[in-house]
Number of protein chains: 2
Amino acid sequence: MKDNPAGQTRIQRHKIATITDAALDVFSTHGFRGSTVDQIAKAAELSKPNLLYYFPSKEAIHTHLLDNLLDIWVDPLRQLDPEGDPLEEILTYVRRKLAMSRDMPRESRLFANEVLQGAQHIGDSLSNFLKPLVDEKAAVIQLWMDQGALKPSDPRHLIFSIWSLTQHYADFDVQVRAVLGPEVEDPFPEAEDYLITLFSRQLKV
Amino acid sequence: MKDNPAGQTRIQRHKIATITDAALDVFSTHGFRGSTVDQIAKAAELSKPNLLYYFPSKEAIHTHLLDNLLDIWVDPLRQLDPEGDPLEEILTYVRRKLAMSRDMPRESRLFANEVLQGAQHIGDSLSNFLKPLVDEKAAVIQLWMDQGALKPSDPRHLIFSIWSLTQHYADFDVQVRAVLGPEVEDPFPEAEDYLITLFSRQLKV
DNA sequence: GAACATTTTGACCAATCGGTCAAAGCGAGG
DNA sequence: CCTCGCTTTGACCGATTGGTCAAAATGTTC
């Protein structure tokens, strides 16, 4: 029963991971207020008091999820390399973000729920953490445009449009599938084709 | 105290409109399960039993809102004119949708909340009502592309991208403002510039 | 197997939820 | 004035909510 550097036993880490995963299921589907501790406990196959032995409150679980998410979520943007080929860097960013919508739709919806309802839990992070990163990368893109490596357009709205378009396929999955109909089994390949074309025409000199 | 054709007195219509507006405030901010009847009643300056005198239940208010919304929401798409100038028709559609995000952000968020959480209340409408309309308009756009009036790209994903990009400025308003910072008072003019450029480059032959 | 810390649980609590109901308030017509 | 139908309300209900607690179960260590 040794403590590791983080002060958690193996069992604790495993249970916390299980709870975190179950909570992601529930919160992303019903939003914070729409989710109940009982739902999460059931999804994690734990009793409610047992769950609250590992997390002090429902809000603590939610905060824990969001805190860990923000880093992962902006990672593709952080990887945008000022030294790389401008167009290829941005198209790679688009591909990475779309892959995240495909592979992490729950995280996308959790984030969407939070921002949609006013970002009350992560509002400060948006200003203190996300804004500086966007400013930095927008400056890089602006430089590329000034150098004539990309067609000019507002770099910050370019980033917004990448977020919006890629996350749409996770957050509005139900609508996308309803409109495309059952004959389209997987919308993501055609979505990638469309988005790569769109941003190529928008940026390629 | 005469009944009008809809079976409502003037007073009833006025109260129902007040409740509807208050409910739109509350539901769009907190989602369905996150909203309480007391909140809506307070926002409408009514007692809870009084509110439930006009609507039989919380769900009835929500359904009433969504039913009336869907028609309004897809109206700009319905106005897309097969006889008009292809590029100008689509750019007009973009402008109309963006104006709706600016002027009806609550409606946009109500819709986003609903779809994000699985579209349980309007799922059928998406398949039976929205899909046929998109199919019809996508065929028009496809024809334009086949005639060489627009650059080719998937028409249905083109429509998705218009929805996604325009609604982003309503649904993720908090994030947009946090990233742009307080020096940008109104993001919509620069958003319109960006989107018109984007879709022009995407479609203009 | 005794002693100890950790984990799990059933029972319970106060607060809040959506919704009901009988009674009171109210304006218009006679 | 009285009556009649529409509107409004305080009090209340059972169900569900997030969270507590003492006790039991389950390791772990010697």
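Chain identifiers are assigned alphabetically (A, B, ...) following the order of the sequence lines, protein sequences preceding nucleic acid strands; residue numbering begins at 1 within each chain. Quantities reported herein were computed from a predicted structural model and do not represent experimental measurements.
- Atom CG of Leu46(A) and atom C1' of dT8(C) are 9 Å apart (whole Å).
- Open room surrounds NZ on Lys204(B); 12 or fewer heavy atoms of other groups in view lie less than 6.0 Å from it.
- Side-chain contact check for Thr20(A) versus Ile61(A): every heavy-atom pair is 4.5 Å or farther apart.
- Every ring-ring contact (aromatic ring centres under 6.0 Å, His included) that His121(A) has, sequence neighbours left out, goes to Phe32(A), His62(A).
- Take Tyr54(A) and apply the ring-ring contact (aromatic ring centres under 6.0 Å, His included) test, not counting sequence neighbours, and it matches no residue.
- Counting heavy atoms from C-beta on, the side chains of Lys42(B) and Leu51(B) never come closer than 4.5 Å.
- Atom-to-atom, NZ of Lys42(A) to C1' of dG18(D) comes out at 18 Å; the value is rounded to the nearest Å.
- In this entry the distance linking NZ of Lys15(B) with C1' of dC6(D) reads 12 Å, nearest Å.
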Using distance only, find each side-chain donor-acceptor pair of residues 169-181 of chain B under 3.5 Å and give its atom names and separation, not counting sequence neighbours.
residue   : atom : partner   : partner atom : Å
Tyr169(B) : OH   : His157(A) : ND1          : 2.6
Asp171(B) : OD1  : Ser108(B) : OG           : 2.7
Asp173(B) : OD1  : Arg177(B) : NE           : 2.8
Asp173(B) : OD2  : Arg177(B) : NE           : 3.2
Arg177(B) : NH1  : Glu185(B) : O            : 3.0

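- For the contact set between residues 48-68 of chain A and DNA chain C, defined by any heavy atom under 4.0 Å, the members are Pro49(A), Asn50(A), Tyr53(A), Tyr54(A).
- Near DNA chain C, meaning a heavy atom under 4.0 Å away, the residues from residues 19-35 of chain B are Ser35(B).
- We find that CG of Asp38(B) is positioned 14 Å from C1' of dC12(D), with the value rounded to whole Å.
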Would you be so kind as to tabulate the donor-acceptor pairs closer than 3.5 Å made by side chains of residues 132-139 of chain A, with sequence neighbours excluded?
residue   : atom : partner   : partner atom : Å
Asp135(A) : OD2  : Lys131(A) : NZ           : 2.8
Lys137(A) : NZ   : Arg78(A)  : O            : 3.3
Lys137(A) : NZ   : Leu80(A)  : O            : 2.8

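- Side chains of Leu165(A) and Phe199(A) form a contact here, defined as non-hydrogen atoms less than 4.5 Å apart.
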